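Right, one structure below, let's go through it.
Because the structure is predicted, anything quoted here is derived from the model rather than measured.
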Amino acid sequence: MIRSFLTVSTGTLASRLLGFARDSLIAALLGTGAVADAFLAAFQLVNVVRRLLSEGALNAALIPAWLRVRERDGEAAASAFAGHVLGTVSVALIALSVVIALVMPLIITIIAPGFLGSGTLDLAVQNARLMLPYLAFAGPVTVLMGLLNAQGRFALTAFSPLLFNIALIAAIVALLVWHADAAFAAWMLAATVGVAGLLQLLMLLSQRSAKLATPLRVSFGQEMRGFFAKAIPGMIASSGPQWLMVAGAIIASATPSAVSWLYFANRLIELPLGIVGVAMGTVLVPELTRAVGSGDRDAVAHAESRALELATGLALPATLGLIVLAAPIVRLLFEHGAFSAEDSVATAHALMWLALGLPAHVLIKALSPAFYARSDTMTPLLATAKGFVVAVALAVLLGHFFGASGIAASIAAGAWSSALSLLRKGTGEFGFSVDAAARKRLPRIVLAAATMGALLWLTADLIPAEAHGLIRFIVLGVQIGAGIAVYGLLLQILGAASWREAASALKRPAPQDQRA
């Protein structure tokens, strides 16, 4: 399981790093202001769609359903079921894209009411419509990725999203070299989003994954209706962080540049969240589905305990690092071109508050698969809805007094509300299984992370605000490298991890799905 987790995490890390490069270039190309706010509000819709459909979200319903059909009726029936899902999802999303294009002004008004009555609204509608072809391509991409994940084949699904960012980066570089006007650059970049989705689909269709879904059919019969009745709640619940950001953007749209500050701050949160959270959703769902289906309580306890250890061990130090080093990280990554020093300060403050919600987001990703493995997608959906309501209510209040920082704090509070709701519900219904090893390691992981955070805090002011970019990069790199080294050493000393045993385990042959 850890080998699969590392595969997905590595692919997600590479995608997120390219995402940082992409957003740093977007900041240099568009800066902040009306054009940037319009583009980023439209792009937020794409990000929600990506989380709704991809990055493990559809695993919540597709993988358990596909595994059950295969176990009950065999390979041919599983392929037919997958073909029905692929065909139906593709046709449904094409139709949905047409409908969304027609009502796009209403959608943008809902997610960014502050744009109403200004030219920013028209810009956002134009950008969003240009991005819509991505929606039609994202559906079949997600189904093919889910089928590969169900068979324990994670490498291709982990690395295929790189094409999305590569295509956008190439377009941005061309526009920067061309010195394109900001509004025209935003339109061209929006059009590239659909091209990026097409590239990802073509790559997956060229692989053996396409043969897992044959024959291709469109069906709205009882089987498909039952599947979508579970899939849609699971997809919405799996996109909880994005729904919270949408809630924040709705409130922030009334404040100039606040949408941009929150967007760029959230991009830094998505790096650790992607590395840990996406891997949790991708790997844990098939692992727990098999364990729950076979009634193997030890396997369930093992999977849940290792997931909790990994979630804590990776999310906690990332949270402390982002809080302590928020200012130098934002300055290094985004303070270029049209992105000013004042923008860096506002973005860094938002980042510090958003980071407080990172452990909650990761905890949700670790807890939700226990419900999905039991074919329960409604409980995570209700928890997500509760967090959304909490975030909106607090954002209206705190955003009025503290601006983007208050909205960021509200998003973090909404995440914790969702996480605690899942924890209470799961504990009451079936009890989360944490083995003795996890109970021993978790306090030691927390101690190691706290010590690392203290070290970073003591060295946080080493970089002068006026320092050259290269100096900032070197000093920040040394700080982060030293923090990681100290944290790893403390884990070994405290007995929370044995790197020799971990390396040995990774060298052993991976267990394969015998039917894959």
Side-chain angles (χ1 to χ4, degrees), residues 51 55-57 59-60 233-248 266 269-285 288 303-320 322-323 352-374 376-395 398 407-434 438-439 442-443 445-446 449:
R51 302 316 189 271
E55 297 196 354
N59 288 358
M235 290 159 61
I236 295 173
S238 295
S239 306
Q242 283 64 51
W243 290 117
L244 291 176
M245 282 304 300
V246 168
N266 187 58
I269 297 297
E270 287 192 353
L271 176 61
L273 178 59
I275 293 173
V276 185
V278 174
M280 289 290 176
T282 302
V283 176
L284 264 183
V285 172
L288 282 172
E304 291 179 349
S305 298
R306 302 296 79 74
L308 187 58
E309 289 173 3
L310 287 168
T312 305
L314 294 174
L316 190 55
T319 298
L320 295 173
L322 287 172
I323 291 173
M352 294 171 69
W353 287 106
L354 283 178
L356 290 176
L358 177 59
H361 288 306
V362 174
L363 185 60
I364 291 168
K365 294 292 186 181
L367 297 177
S368 295
F371 294 93
Y372 298 147
R374 294 170 171 86
D376 178 5
T377 57
M378 285 303 300
T379 296
L381 173 62
L382 293 174
T384 298
K386 180 180 178 181
F388 186 89
V389 171
V390 169
V392 170
L394 288 176
L398 298 180
I407 295 171
S410 303
I411 292 170
W416 277 109
S417 175
S418 296
L420 293 175
S421 178
L422 279 179
L423 187 60
R424 285 195 299 268
K425 186 71 172 178
T427 301
E429 287 193 357
F430 50 80
F432 290 106
S433 305
V434 180
R439 289 193 293 270
L442 285 171
I445 291 172
V446 172

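Residues meeting the side-chain contact (heavy atoms from CB on, under 4.5 Å) test with Leu316, sequence neighbours left out: Val446, Ala449. Residues satisfying the side-chain contact (heavy atoms from CB on, under 4.5 Å) test with Ala391, not counting sequence neighbours, are Leu244.
Considering all non-hydrogen atoms of both residues, Val362 and Ala315 come closest at CG2-CB, 3.7 Å. Nearest approach of Leu394 to Ala413, heavy atoms of both residues: CD1-CB, 3.6 Å. Considering every non-hydrogen atom in both Ile323 and Ala355, the closest pair reads CG1-CB, 3.7 Å.
For the atom pair Leu320 CG and Leu356 CG, the distance stands at 9.5 Å (nearest 0.5 Å). In this structure, CG in Leu322 is found 15.0 Å from CH2 in Trp353, a value given to the nearest 0.5 Å. Rounded to the nearest 0.5 Å, atoms CD (Glu309) and CD (Glu304) are 12.5 Å apart. Between the OG1 atom of Thr427 and the CG atom of Leu422 there is a distance of 10.0 Å, given to the nearest 0.5 Å. The distance from the CG atom of Leu273 to the CG atom of Asn266 is 8.5 Å, given to the nearest 0.5 Å. Rounding to the nearest 0.5 angstrom, the gap separating the CG atom in Leu420 from the NZ atom in Lys425 is 15.5 Å.
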Q. Going through the distances and angles, do Leu308 and Leu442 end up as a side chain to side chain contact (heavy atoms under 4.5 Å, CB included)?
A. CA-CA 8 Å; Leu308 187 58; Leu442 285 171; 3.7 Å; yes
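Considering only heavy atoms from C-beta on, Ser418 stays 4.5 Å or farther from Val390 through its side chain. For the pair Trp416 and Pro359, the minimum side-chain heavy-atom distance is below 4.5 Å. With contacts defined as side-chain heavy-atom distances shorter than 4.5 Å, the pair Phe371/Thr377 does not qualify. Proximity of Pro272 to Leu358: side-chain heavy atoms (C-beta onward) are separated by under 4.5 Å at one or more points.
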Under 3.5 Å, which donor-acceptor pairs link side chains of residues 378-385 to any protein atom two or more places apart or in another chain?
residue	atom	partner	partner atom	Å
Thr379	OG1	Asp376	OD1	3.4
Thr379	OG1	Asp376	OD2	2.7
Thr384	OG1	Ala237	O	3.3
Thr384	OG1	Pro380	O	3.0

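Remark: the backbone N or O of Ser417 is not paired with any side-chain donor or acceptor of Ser421 at under 3.5 angstrom.
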